[in-house]
Amino acid sequence: MTTAPVSPKPLPRFPRDFVWGVSTSAPQIEGAVEEGGRGRSAWDVFAAVPGRIKDGSDARVAIDHYHRYPEDVALLKDLGVGAYRFSVAWPRVVPDGSGAVNAAGLDFYDRLVDALLAAGVDPVPTLFHWDTPQALEEGGGWLVRETAEHFAAYADAVAARLGDRVHRWITLNEPAELTLLGYGLGQHAPGRQLVFDALPAAHHQLLGHGLAVQALRARGAGNIGIANSHGPTWAASASEADTTAADLYDLLLNRLFADPLLLGRYPDEGLAALLPGPVADDLKIISQPLDWYGINYYQPTRVGAPDPDAAGPADFGGILLPPELPFAPREIEGFPRTDFGWPVVPGALTELLETFRERYGASLPPIVITENGCSYDGLDDGERITFLDGHLRALHEALAAGLDVRGYFVWSLLDNFEWAEGYARRFGLVHVDRATLARTPKSSYRWLRDALRDQARG
Ligand code: BGC
């Protein structure tokens with residue numbers, strides 16, 4: 001039995017047309033990896049290698065959303081969100097990544113979209129949430145240009161099938177994380193440890209985004225965004241060594257992925273020279289206007305110069321940063337932490353949005369917060385309520401300061417496969433029992449439902 005949380009005071013009022021949603025992704029929830037003609041993904045292969053996933057698990061069943069989607073849609077309906085961000089699995093639709101389209105794979109998303117619409121929930125598919133088809137990975141994955149072209153062909157196939165009912169699209173999820181963790185450090189699929197030689201994966205994902213935008217527009221799509229991860233970077237001190245390290249980190253994690261999209265250029269010429277070309281032509285494709293810009297926000301980062309005496313990698317919320325990198329994460333003191341160890345700093349969301357306004361000015365389209373959330377155990381998750389409440393108030397401050405933010409999506413609807421962490425980190429508003437896969441709404445789910453009802457009363 002769970003007890004009702006002590007309700008914080010009602011949230012301030014958001015605009016009437018503000019979009020409220022929750023997010024998930026295919027590789028984290030679907031399972032059914034060998035059903036309906038799905039091909040293998042880089043994550044299937046990565047998770048099968050002993051030692052890659054901390055709790056020894058994999059996502060072959062995940063939380064069985066593929067079969068249980070009607071129940072999950074009912075949870076969305078009861079929650080009262082207007083929109084649901086999910087991802088389409090590229091290997092389900094194009095099993096080899098290029099070539100033949102698998103109609104049975106599209107059938108699944110067809111059913112899901114219809115169920116969402118029947119429940120009054122707007123479907124918001126993300127076309128890529130890190131599940132690169134293994135056949136393409138074996139040819140170099142995002143390190144090679146062709147992957148961007150194959151991605152656009154896949155985007156076209158999805159739009160051809162769903163475009164009559166889907167009106168809001170997201171191309172990529174967090175190309176920064178896939179570049180850093182997947183190709184740079186090897187802690188995510190495909191497990192490559194190329195460090196700075198991973199940069200072509202960033203460029204090709206951005207190019208794939210641009211080509212996919214063209215493909216979607218050609219199918220009549222008028223409402224397209226991307227979901228990029230961003231967070232403020234705080235220098236560990238005012239020393240030149242620390243500010244230089246923090247600026248570089250900020251450049252690689254924030255500006256490398258936002259500047260090309262919003263300004264049509266890379267933030268550093270030396271860095272652009274390392275990228276496979278034709279970079280100038282590609283930037284024209286990458287920087288086509290977007291209808292909105294999605295930000296996934298979790299935490300700020302405090303960064304300093306590397307410690308020459310460091311004995312080993314620095315643990316940054318589960319990510320191991322090798323000591324030879326030109327920057328090192330430093331603890332952020334004085335804030336509560338999630339179970340993952342991530343500091344809870346709602347004000348950093350307002351700060352981040354202000355930074356975006358300063359950096360991108362008139363080039364910044366409306367913003368949507370496409371992910372925000374936290375990992376905490378337990379059904380009676382008062383900490384998650386405090387987290388969401390705090391971040392929504394911070395977001396409201398940004399709106400009051402004139403920032404054009406159109407929506408907010410909680411990560412995540414359900415506890416799910418948290419990548420290299422396995423199932424140990426629970427981000428859901430709904431608890432999922434690992435043995436039975438039974439879904440049980442947490443206190444935070446009821447809190448959000450009540451908050452949305454309150455907002456709807458106007
Ligand atoms: C990703 C999600 C992930 C979440 C929490 C984001 O980086 O898009 O897939 O589960 O953060 O780590």
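Counting convention: from 1, in listed order, for ligands and their atoms alike.
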Asker: Does the plane of the ring in F151 sit parallel, tilted or perpendicular to the ring in Y154? Use 30° and 60° as the thresholds.
Answerer: tilted

Asker: Would you mind running through ligand 1 and noting each atom that sits below 4.0 Å from a heavy atom of H129?
Answerer: 1 (C), 2 (C), 8 (O), 9 (O)

Asker: Ion pair present between E30 and R92, side-chain N to carboxylate O less than 4.0 angstrom?
Answerer: yes

Asker: Nearest protein heavy-atom contact for atom 10 (O) of ligand 1: which residue, which atom, what distance?
Answerer: E418 OE1, 2.7 Å

Asker: Considering only heavy atoms of F427, which atoms of ligand 1 have at least one such atom less than 4.0 Å away?
Answerer: 5 (C), 12 (O)

Asker: Which protein non-hydrogen atom lies closest to atom 6 (C) of ligand 1, naming both residue and atom, and how far is it?
Answerer: E371 OE1, 3.1 Å

Asker: What do you reckon, does N173 have a nitrogen or oxygen under 3.5 Å from a nitrogen or oxygen of ligand 1?
Answerer: yes

Asker: Have a look at D377 and tell me which of R426, E383, H431 forms a side chain to side chain contact (heavy atoms under 4.5 Å, CB included) with it.
Answerer: R426

Asker: For F14 and W20, take the angle between the two ring planes, folded into 0 to 90°, and tell me which bin it lands in: parallel under 30, tilted 30 to 60, perpendicular over 60.
Answerer: perpendicular

Asker: Could you find the nearest protein heavy atom to atom 7 (O) of ligand 1 and give me its residue, atom name and distance?
Answerer: E174 OE1, 2.5 Å

Asker: When you measure from the centre of the six-membered ring of Y423, is the NZ or CZ of R434 closer than 6.0 Å and no more than 45° off the axis?
Answerer: yes

Asker: Taking the six-membered ring of F340, is the NZ or CZ of R425 close enough (under 6.0 Å from the centre) and on axis enough (within 45°)?
Answerer: yes

Asker: Within a strict 4.5 Å, meaning less than it, do heavy atoms of the V345 and W234 side chains meet?
Answerer: yes

Asker: With a cut-off of 4.0 Å, which atoms of ligand 1 are near a heavy atom of W342?
Answerer: 12 (O)

Asker: Hey, is ligand 1 close enough to S25 that some N/O pair sits below 3.5 Å?
Answerer: no

Asker: Does ligand 1 have an atom that lies less than 4.0 angstrom from a heavy atom of W419?
Answerer: yes

Asker: Could you tell me the residue and atom name of the protein heavy atom closest to atom 4 (C) of ligand 1, and the distance to it rounded to 0.1 Å?
Answerer: Y298 OH, 3.4 Å

